[in-house]
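Below is one structure, written out as structure tokens; the observations come after it.
Everything numeric here is computed off the predicted structure, so don't read it as measured data. Proteins come first, then strands; the chains are lettered A, B, ... in the order of their sequence lines, and each starts at number 1.
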There are 2 protein chains.
Amino acid sequence: MRKIIIIGSGPAGHTAGIYTARAGFSPLLFEGWMAGGVAPGGQLTTTGTVENYPGFPDGVGGSELTMMMRAQSVNAGVDILTETVESVDFSKRPFTVKTSETEEKAEAVIIATGAIAKRMHVPHEEDFWQRGISACAVCDGALPVFRDQPLVVIGGGDTAMEEAMHLSKFGSKIYIVHRRDELRASKAMQDRVFANPKIEILWSTTLVDVKGDNALSHVVLKDLKTDKEYDHEAKGLFYAIGHTPNTSFLDGAVKTDNTGYIITKSGSTITSVPGVFAAGDVQDKQFRQAITSAGTGCMAAIEAEKYLLENPL
Amino acid sequence: MRKIIIIGSGPAGHTAGIYTARAGFSPLLFEGWMAGGVAPGGQLTTTGTVENYPGFPDGVGGSELTMMMRAQSVNAGVDILTETVESVDFSKRPFTVKTSETEEKAEAVIIATGAIAKRMHVPHEEDFWQRGISACAVCDGALPVFRDQPLVVIGGGDTAMEEAMHLSKFGSKIYIVHRRDELRASKAMQDRVFANPKIEILWSTTLVDVKGDNALSHVVLKDLKTDKEYDHEAKGLFYAIGHTPNTSFLDGAVKTDNTGYIITKSGSTITSVPGVFAAGDVQDKQFRQAITSAGTGCMAAIEAEKYLLENPL
């Protein structure tokens, strides 16, 4: 039996760990083992250089940053298990959390399991991941490798339009590749994109592969009306086709929206179950940055401490 | 004329700077000059070692962390002016921001001027600031110097009670010094404090001075009913008498609550004036941590970018 269990090991999970450990709760943190298809540390481990996490003037490697956060958790007194949580029982306190090897109870739980950017998994995608391919234009758009180069955005929603507008400040030309002949994005966003001379939409087109030497140089596109495939120059490829929050293990134990994101009380990490808190990308489809995730991890820790103070078992 | 002006130079201001600069906005940041009585960098510069900012396993100096954030801003392309903003005109866009030397206009403004913890300014307070005296139990309570030692909390509200409960996990005995003979704190919080054998309330008592050699060893208290002064052992002194947000220069240009904090839309940094955003402690009286401030600085940058996209001048 623990006071607090934390599920997840990205910036939100470890920040919650650091804060709850320093508050004297001896928390247990399940960091997962290839949970959501990524290593402990989450999406940040799939990132090359992080230039926008404040405190590192020359940037820091994504994996390096997660390792330092993990070390800080350990130093603060967090117990870490490298196991993936498979199910929970939040129907009564203490809450129960289960992996294939361990079952543990806690008075409060912080869920920080993150989300995974959707990718198309074309044949050579892994070869160029973070060597031209990214799922975050806000994070990576400003990198020198993309300056004055042709860039491709995959998607047709508001996020894809916003990312294309963002990238148009850096690239020479932005191509939005969209499989249909109309966009899901709002009319207002479409108008802005249509008015931007640097952006061109490749309608009824899909990505079938990527090419390059050390870094991405071309995407292979397919015209869905003619079935013709062709190479198209692109130094950057940005997926903007959404994210999948890692919430399936919850099996409805806390309320989620229709896309699986945990619903939290606005401006807080409080979920539909008193004593269960959610931090990081698992409850955030708007900002999705390492620094915002870490911020909400801290909020969850402070809110959990307050909850335990007011609701002793 | 700028796209974005940022006012403030703590974690929120510099994170907003890093993000807006990387988004190509060439922001101007007014870091202030002894604004709010502290150096550029804000409250963090008055902190010794920061153990809870994620990414620094062995802790980092408060001043060092602010210098690194500033360097990162500069590297990202933020223009910094070491001047204190004295007045603003948000009645029409572009907005106007004035110091004693400079007047500049911008299409969007991010306010991140922070808050200052209230202190009693007893005679020898400066000698022991961060050598036993703190205004943040959550930040500093876990430091080794306070373990199993007598600690004093000044205040009578919910925050003071929460800080005393938090400190009771570390100190040998916690004394709440309160000038009146009843508490402002909620009944529920009072009950918890009264039930905690490690906490004692010194009623109708006030702090008049502090003593020690290199570090704090005693507080000098005064019994307000007898006017008698006496030394009381204390290795830690925690002010929990509130904060003052740095918003007087706004002169009502954005909506604030009755204690001067900027009101933001819940879960966002949007203020009462479209195009003006607020991040960090100037709009947060609940969490007030470096990492939560930095998180909201990022949010402000992303929300400002979206606003400028949707509201071109």
> Does the pair B/Thr292 and A/Thr296 meet the rule for a side chain to side chain contact (heavy atoms under 4.5 Å, CB included), with working shown?
Replying inline: CA-CA 7 Å; B/Thr292 52; A/Thr296 57; over 6 Å; no

> Residue by residue, which of residues 278-289 of chain B have a heavy atom closer than 4.5 Å to a heavy atom belonging to chain A?
Replying inline: B/Gln286, B/Phe287, B/Gln289

> Do the rings of A/Tyr53 and B/Tyr53 sit parallel, tilted or perpendicular, given the 30° and 60° boundaries?
Replying inline: tilted

> Which bit of A/Val138 comes within less than 4.5 Å of chain B, counting heavy atoms only: side chain, backbone, both or neither?
Replying inline: both

> What are the residues of residues 11-21 of chain A, in order of number, with any heavy atom under 4.5 angstrom from a heavy atom of chain B?
Replying inline: A/Thr15, A/Ile18, A/Tyr19

> Considering all heavy atoms of both residues, which atom of A/Cys298 and which atom of B/Ile291 are nearest to each other, and what is their separation?
Replying inline: CB-CG2, 3.5 Å

>> Below 4.5 Å, heavy-atom pairs only: which of B/Ser73, B/Cys139, B/Pro312, B/Gly297 has the largest tally toward chain A?
In response: B/Cys139

> Which one, A/Glu303, A/Met68, A/Arg22, A/Met69, leads in non-hydrogen pairs under 4.5 Å with chain B?
Replying inline: A/Arg22

>> Need one label for A/Glu305: side chain, backbone, both or neither, based on atoms under 4.5 Å from any heavy atom in chain B.
In response: side chain

> What residue, out of A/Leu65, A/Val74, A/Leu309, A/Ile302, has the most heavy-atom pairs lying under 4.5 Å from chain B?
Replying inline: A/Leu309

> Which answer fits A/Lys265, side chain, backbone, both or neither, if we ask what part of it has an atom under 4.5 Å from a heavy atom of chain B?
Replying inline: neither

> Of all the residues in residues 159-171 of chain B, which have a heavy atom that comes within less than 4.5 Å of a heavy atom in chain A?
Replying inline: B/Glu162, B/Met165, B/His166, B/Lys169, B/Phe170

> Where along residues 183-199 of chain A does a heavy atom come under 4.5 Å of chain B, listed by residue number?
Replying inline: A/Met189, A/Arg192

>> Heavy-atom cut-off 4.5 Å, strictly under: side chain, backbone, both or neither for A/Asn52 against chain B?
In response: both

